[in-house]
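Everything on this sheet refers to the single structure shown next.
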Amino acid sequence: MKKEITLNNGLKMPVLGFGVFQIPDFEECKQAVLTALKQGYRLIDTAAAYGNERAVGAAIRESGIAREEIFVTTKLWVQDAGYEQTQAAIQASLTRLGLDYIDLYLIHQPLGDVYGSWRAMEAAYHDGQLKALGVANFENDRLNTVDQIELHPFYQQPQRVQWLLNHDIVPEAWGPFAEGKKGIFTNSAIQEIAEAHGKTNGQIILKWLNQRNIVVIPKSVHAARIVENSQIFDFELTQDEMQQMTKLDEGTSLFGNMHDPETVAQLGGFKFDY
């Protein structure tokens with residue numbers, strides 16, 4: 001399972017990764033990451049705010065896989081925005097992960113002193129502590145290498161994705177299964193495509209995103225689902241099937257947006273303990 005995309009600084013990034021959002025328990029997260037690595041996943045996506053960087057680092061060490069073969073993403077939370085705070089946050093993430101460098105470091109939300117944060121990230125990049133820099137949930141006018149955004153069949157953002165691709169910026173989908181909302185795993189339109197390929201709705205969704213040159217990071221704590229999500233490279237969706245998926249777009253985020261003051265206040269007020 002070694003399909004990769006090249007970032008605009010030349011770094012190669014796997015197109016299929018494993019996300020650990022909402023897995024705060026140390027042992028459960030460690031075992032899930034170990035299962036994913038054993039299955040062939042080589043991109044692991046975590047964040048300071050997820051509270052599980054230590055578990056991810058422990059799994060990487062326990063796996064016995066060479067560090068250079070694993071692509072690790074983590075993220076800067078809002079409470080650490082600003083130059084000096086970001087410097088400290090990068091060091092804290094490296095310590096919790098137990099790593100000498102982070103492959104991709106993202107500003108998690110477009111809130112606070114993101115310009116100061118970016119300068120600190122650039123300094124860490126030049127020092128070799130970060131191999132690539134990017135953002136999550138940012139609009140197109142403030143972008144660089146990677147933008148991790150909400151993307152799933154019900155919220156496809158086609159113009160935004162195309163703009164990113166046109167500017168050599170990698171779109172990365174968080175919430176590719178819409179967190180199970182709106183009956184996505186039993187949706188009849190997706191199920192019809194799935195039956196034609198002997199696959200599941202989840203596999204069709206991941207393949208549809210990958211065929212649009214979008215990196216995906218599905219999450220699960222169940223070994224069978226982790227394995228299932230990795231089995232998307234032995235088939236291709238037809239142009240007609242891709243069009244059928246396009247028709248599912250409702251054009252509305254299922255998780256709020258950064259133009260909503262209530263959403264901004266909620267995110268800005270969330271703090272995690274180190």
Side-chain angles (χ1 to χ4, degrees), residues 1-8 12-19 21 36 39-43 45 71 136-137 139-140 143 145-220 222 224-255 257:
M1 189 170 64
K2 184 122 174 155
K3 303 268 186 181
E4 297 174 320
I5 194 167
T6 302
L7 305 184
N8 58 25
K12 293 188 181 301
M13 178 181 185
V15 300
L16 173 65
F18 184 72
F21 178 51
Q39 183 57 30
Y41 290 81
R42 289 298 179 265
L43 161 59
D45 181 277
F71 190 104
N137 306 301
E139 296 295 336
N140 290 352
L143 296 180
T145 304
V146 174
D147 192 12
Q148 189 179 105
I149 56 178
E150 178 188 352
L151 289 172
H152 48 76
F154 306 126
Y155 190 48
Q156 301 183 15
Q157 305 199 68
Q159 286 105 352
R160 187 173 183 181
V161 168
Q162 192 57 55
W163 189 94
L164 295 172
L165 294 171
N166 288 347
H167 290 80
D168 293 325
I169 299 168
V170 173
E172 184 176 20
W174 65 257
F177 300 141
E179 294 193 0
K181 295 178 184 288
K182 303 178 75 69
I184 196 168
F185 292 117
T186 56
N187 180 278
S188 60
I190 302 174
Q191 201 161 30
E192 183 177 344
I193 299 171
E195 289 173 356
H197 292 276
K199 296 291 182 178
T200 65
N201 279 26
Q203 290 170 317
I204 296 301
I205 292 165
L206 296 177
K207 187 64 177 183
W208 163 73
L209 286 163
N210 261 185
Q211 281 189 214
R212 295 171 62 206
N213 294 313
I214 296 168
V215 174
V216 293
I217 46 171
K219 177 212 81 174
S220 181
H222 304 293
R225 182 61 64 84
I226 293 171
V227 172
E228 176 188 304
N229 290 342
S230 73
Q231 296 172 337
I232 63 169
F233 298 117
D234 57 351
F235 72 104
E236 293 287 321
L237 299 181
T238 67
Q239 193 61 38
D240 181 63
E241 289 168 338
M242 294 291 287
Q243 285 297 321
Q244 291 300 312
M245 293 293 292
T246 299
K247 294 177 183 178
L248 297 172
D249 191 10
E250 298 178 0
T252 303
S253 168
L254 298 183
F255 304 99
N257 66 76

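Numbers here simply count residues along the sequence, with the first being 1.
Using a 4.5 Å heavy-atom cutoff, the side chains of Ile204 and Glu241 are not in contact. A heavy-atom distance below 4.5 Å is found between the side chains of Leu164 and Ile149. In this structure, the side chains of Val15 and Phe233 come closer than 4.5 Å at one or more pairs of heavy atoms. Counting heavy atoms from C-beta outward, Ile226 and Tyr41 have side chains that approach closer than 4.5 Å.
Atom CD1 in Ile214 sits 11.0 Å away from atom CG in Leu206 (nearest 0.5 Å). From Ile232, atom CD1 reaches atom CH2 of Trp208 across 13.0 Å, with rounding to the nearest 0.5 Å. Between Gln162 atom CD and Arg212 atom CZ the span is 9.0 Å, to the nearest 0.5 Å. A distance of 11.0 Å separates CZ of Arg225 from NZ of Lys219, quoted to the nearest 0.5 Å. Between Asn229 atom CG and His222 atom NE2 the span is 11.0 Å, to the nearest 0.5 Å. Annotation: the span from Gln203 atom CD to Gln231 atom CD amounts to 6.0 Å, rounded to 0.5 Å.
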Return all side-chain donor-acceptor pairs below 3.5 angstrom for residues 172-184, not counting sequence neighbours, or 'none' if the list is empty.
residue : atom : partner : partner atom : Å
Glu172  : OE1  : Gln148  : NE2          : 3.1
Trp174  : NE1  : Asn137  : OD1          : 2.8
Lys182  : NZ   : Glu250  : OE1          : 3.3

Using residues 187-194 as the side-chain source, report each donor-acceptor pair under 3.5 Å to any protein atom, sequence neighbours left out, with the distance given to one decimal.
residue : atom : partner : partner atom : Å
Asn187  : OD1  : Ala189  : N            : 3.0
Asn187  : OD1  : Ile190  : N            : 3.1

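Between the side chain of Asp168 and the main chain of Asn8, no donor-acceptor pair closer than 3.5 Å is present. Between the Tyr155 side chain and the Leu254 main chain, no donor and acceptor come within less than 3.5 Å of each other. Within the 3.5 Å criterion, the main-chain N or O of Ile217 finds no donor-acceptor partner in the side chain of Asp45.
Looking at every heavy atom in both residues, Leu16 comes nearest to Ser230 through CD2-CA, 3.6 Å. Residue Leu151 comes nearest to Gln156 through the heavy atom pair CD2-O, 3.3 Å, listed as atom of the first residue, atom of the second, then distance.
Every salt bridge (Lys or Arg N to Asp or Glu O under 4.0 Å) that Asp234 has, sequence neighbours left out, goes to Lys199. Shown here are the side-chain hydrogen bond (donor to acceptor under 3.5 Å, both in side chains) partners of Thr246, two or more places apart in sequence or in another chain: there are none. Looking at residues two or more places apart in sequence or on another chain, you find a ring pair (Phe, Tyr, Trp, His ring centres under 6.0 Å) between His197 and Phe235. Considering only residues two or more places apart in sequence or on other chains, Asn213 meets the side-chain contact (heavy atoms from CB on, under 4.5 Å) condition with Leu165.
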